[in-house]
Novice: 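Structure provided below as structure tokens; questions to follow.
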Protein chains: 2
Amino acid sequence: MATINDVAKLAGVSKTTVSRVLNKTAPVNKETELKIIKAMKELSYQPSLMAQGLRTKRSKMIGIVIPSFSNPFYYRFIQELEWEAKKQDYYVIISSASTGEELKKKYVEDLIHRGVDGLIIFSYKEDNKMGDYFLEISKQTPTVFMDNIGNHRDAAFVYADGFNGIKEVVAHLIEKGHKKIGFIKPKESYKVAVDRYEGYKAALADGNLPLENELVFEGNFEIEDGYIAGEYFWSLDRKPSAIVACTDLLAIGTMKYFLNKGMKIPQDIAVAGYDDIELSTIIQPTLTTYKQPIKEISKTTIDLLIDKIEQRDDINKNIAIKGELVIREST
Amino acid sequence: MATINDVAKLAGVSKTTVSRVLNKTAPVNKETELKIIKAMKELSYQPSLMAQGLRTKRSKMIGIVIPSFSNPFYYRFIQELEWEAKKQDYYVIISSASTGEELKKKYVEDLIHRGVDGLIIFSYKEDNKMGDYFLEISKQTPTVFMDNIGNHRDAAFVYADGFNGIKEVVAHLIEKGHKKIGFIKPKESYKVAVDRYEGYKAALADGNLPLENELVFEGNFEIEDGYIAGEYFWSLDRKPSAIVACTDLLAIGTMKYFLNKGMKIPQDIAVAGYDDIELSTIIQPTLTTYKQPIKEISKTTIDLLIDKIEQRDDINKNIAIKGELVIREST
DNA sequence: TTGAAAGCGCTAACAT
DNA sequence: ATGTTAGCGCTTTCAA
């Protein structure tokens, strides 16, 4: 491993000058610059990130905190984030903070101790204690919150526009002639869940359909909860002809219930989700859903974070990004 | 951020002594040690990994190279690897080297330039050029190869015991009374695929069943290839009564074909896979398969790699780890 | 436009 | 058992 000293010696200049062409931090004579570049190539010199980091207090690493690694949906984000970061010469290290608040805090602190220049934090429940902790962190370390977040506080947020997303899904069903549309939403007050529910209400209003309480089912996030929702809806006297779920996983659980009963989808009942997870294209019938703009969200997040890190822009923006309705067999 | 100097000053000793209690690199008087520890706590001192790294040429980071982030199966490994590494104070950075050999090389070099202390490399085709390149790398940087690899060369390998795995799956089918068992294997000569195929042959031999060429289908790795395999098997005059696929994804593709034809699984035909991906428990009927020992593989890999990094053990072992037969509805 | 010198926070000889 | 000193590879004054 060649060092800056080797380059300087070979080029016959001081290491200061080499550093200058490396960082374009001061004008250098065209000729000497060429000599230096040649020397660098010859030695296939790569500056030591550790030495640079020690000097500049920058590690060129970004820490990602995700609530748990079990949701396959996160991986798509992580891949994109990694890719976008790499383009700008940053690397990404991931901390999958499973359960336990104390542990989660420890992970964040670990990451900071590791020397990450910034943090990307996924999905936390708006109303719990971790929220305050994370907000506090974001005041001391450049941070962008992603996905499942609350957007009314003074911090940087990037998320999918669930309001307009679900609105489009419901509108699509109304257009298909459905008058009674059930909605499955998570019990817990995640900001995104609320957004999506608002989208459902807005679409009903646009279609001059009443909001009926018995058509809104509250559950948890797992596949089984979708199944339970299916049971519930089918126990009603005035059954819905279509069901929209807050997430694909819930929608798939619901489909499972109706398929088990031997019903045909979409003939007997239409089902739609939100997320566009891979499973939605594998399951039979394939699921109509709303595609999260993963690429765009990731790019925006990285750009925003690096802007903060490099202090080009310290405004705490809240950015909602639109996705795309994907119509498949289930409707 | 307190430095080692601050601690030394507060404790009234030299930084060398502080360093010594930090690294237990030389005996320190019990009393002074206590003073130093107290000072560290008071300042909530954390040694700078950058400074340590610069001095010791150790980053406490492990690079993971995976061929592409698209296979959800890798995530389970990554999570476990991350977890096991963290236990030993190492962090993990991932490089999802999509396609293109040049790009892949660049990623590996990036990681090394980043200063990773060791490398974990996933799944490469044994017989192509990358194999040689990776082998070369493994001579210069501590490296462990995982999963889909060839194990006859001089390097460290950890992988699932596919031979005994598939053997158990096929034996299970034979026990169920099946006499004609089809096998789906990938065309390309991945070492693991070959191992599994050998397991199939061994099980047939054990059960005194003949190996019939027309019962072995060669395809690619995707779900669709399983579907095509189903078509193929059903076009035969002497049809199999059970099918074992090299991977769950292939098995699921096959099931899809038979289900589309309105056949019942396992009544009309039994299907089994290998891997135990999550989808296998979601699909109807649930899929009999062989569970990869992800946790054990990951732990073994990390332990082996850190042994190499810290030069406790430089032997290039080849470690096969057994999994577990999981019997579900499809057989 | 260039260089000399100091120092980032740490560890490792070498003394004592 | 402890301290002094040098130096890892880089950037950043400061001076020329």
Side-chain angles (χ1 to χ4, degrees), chain A residues 1-40 42-61 89 112-117 309-311, chain B residues 1-40 42-61 89 112-117 309-311:
Chain A
M1 272 289 153
T3 75
I4 199 172
N5 274 305
D6 302 327
V7 176
K9 223 165 281 172
L10 184 61
V13 295
S14 78
K15 56 179 175 175
T16 312
T17 312
V18 177
S19 171
R20 283 201 263 258
V21 341
L22 216 50
N23 306 295
K24 305 180 207 322
T25 176
V28 171
N29 188 301
K30 206 68 200 159
E31 251 176 77
T32 36
E33 177 168 0
L34 255 37
K35 268 198 306 197
I36 291 172
I37 290 176
K38 186 158 164 283
M40 286 179 171
E42 216 154 297
L43 301 167
S44 56
Y45 167 70
Q46 297 273 100
S48 152
L49 292 165
M50 301 226 130
Q52 283 183 316
L54 179 57
R55 243 340 282 239
T56 61
K57 269 89 183 82
R58 284 278 167 74
S59 64
K60 290 275 187 179
M61 287 196 317
D89 256 327
I112 292 174
H113 169 222
R114 262 275 142 190
V116 295
D117 296 336
I309 291 172
E310 300 181 351
Q311 319 213 351
Chain B
M1 274 287 155
T3 76
I4 198 171
N5 274 306
D6 303 327
V7 176
K9 223 166 281 171
L10 185 60
V13 296
S14 81
K15 56 181 177 171
T16 311
T17 312
V18 177
S19 172
R20 281 201 264 259
V21 341
L22 216 51
N23 304 297
K24 304 179 209 323
T25 178
V28 172
N29 187 300
K30 206 67 202 158
E31 248 176 76
T32 37
E33 178 168 357
L34 255 37
K35 264 196 310 195
I36 290 171
I37 291 177
K38 183 157 166 283
M40 285 178 172
E42 215 154 298
L43 301 167
S44 55
Y45 167 69
Q46 297 274 97
S48 152
L49 292 164
M50 302 228 127
Q52 284 183 317
L54 180 58
R55 233 355 273 239
T56 62
K57 269 88 184 83
R58 286 277 166 72
S59 64
K60 292 275 189 177
M61 288 196 316
D89 256 328
I112 292 174
H113 169 222
R114 262 276 142 189
V116 296
D117 296 335
I309 290 171
E310 299 181 352
Q311 316 212 356

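Proteins get letters first, then strands, A, B, ... in listed order; numbering begins at 1 in each. Computation of the quantities below employed the complete heavy-atom set of this structure, encompassing side-chain atoms and omitting hydrogens, waters and symmetry-equivalent molecules.
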Novice: Which pair of non-hydrogen atoms, one from Lys15(B) and one from Asn5(B), has the smallest distance, and what is that distance?
Specialist: CD-OD1, 3.6 Å
Novice: Output a table of nitrogen or oxygen pairs between the protein and nucleotides 14-16 of chain C separated by less than 3.5 Å.
Specialist:
none

Novice: Taking OP1 and OP2 of dG3(D), is either one under 4.0 Å from a side-chain nitrogen or oxygen of Thr16(B)?
Specialist: no
Novice: Applying side chain to side chain contact (heavy atoms under 4.5 Å, CB included), run through Glu33(A) and Lys30(A) and close with a yes or a no.
Specialist: CA-CA 5 Å; Glu33(A) 177 168 0; Lys30(A) 206 68 200 159; 4.0 Å; yes
Novice: The test is side chain to side chain contact (heavy atoms under 4.5 Å, CB included); show your working for Lys35(B) and Thr17(B) and say whether it passes.
Specialist: CA-CA 11 Å; Lys35(B) 264 196 310 195; Thr17(B) 312; over 6 Å; no
Novice: Among residues 22-35 of chain A, which residues get a heavy atom nearer than 4.0 Å to DNA chain D?
Specialist: Asn23(A)
Novice: Taking all atoms of both residues into account, what is the closest heavy-atom pair of Arg20(A) and Val28(A), and its distance?
Specialist: CB-CG2, 3.8 Å
Novice: For a quick test of reading the model: is some side-chain N or O of Ser14(B) closer than 4.0 Å to OP1 or OP2 of dT2(D)?
Specialist: no
Novice: Ignoring backbone atoms, establish whether Ser19(A) has a side-chain N or O less than 4.0 Å from OP1 or OP2 of dC10(D).
Specialist: no
Novice: How about Lys9(A): does its NZ atom have over 12 heavy atoms from other parts shown lying under 6.0 Å from it?
Specialist: no
Novice: Is it the case that the side chain of Arg58(B) and the backbone of Ile309(B) share a donor-acceptor pair, with hydrogens and angles ignored and the cut-off at 3.5 Å?
Specialist: yes
Novice: Between the protein and nucleotides 7-9 of chain C, which nitrogen or oxygen pairs come in under 3.5 angstrom?
Specialist:
residue : atom : partner  : partner atom : Å
dG7(C)  : N2   : Arg55(A) : NH1          : 2.7
dG7(C)  : N3   : Arg55(A) : NH1          : 3.3
dC8(C)  : O3'  : Lys57(A) : NZ           : 3.3

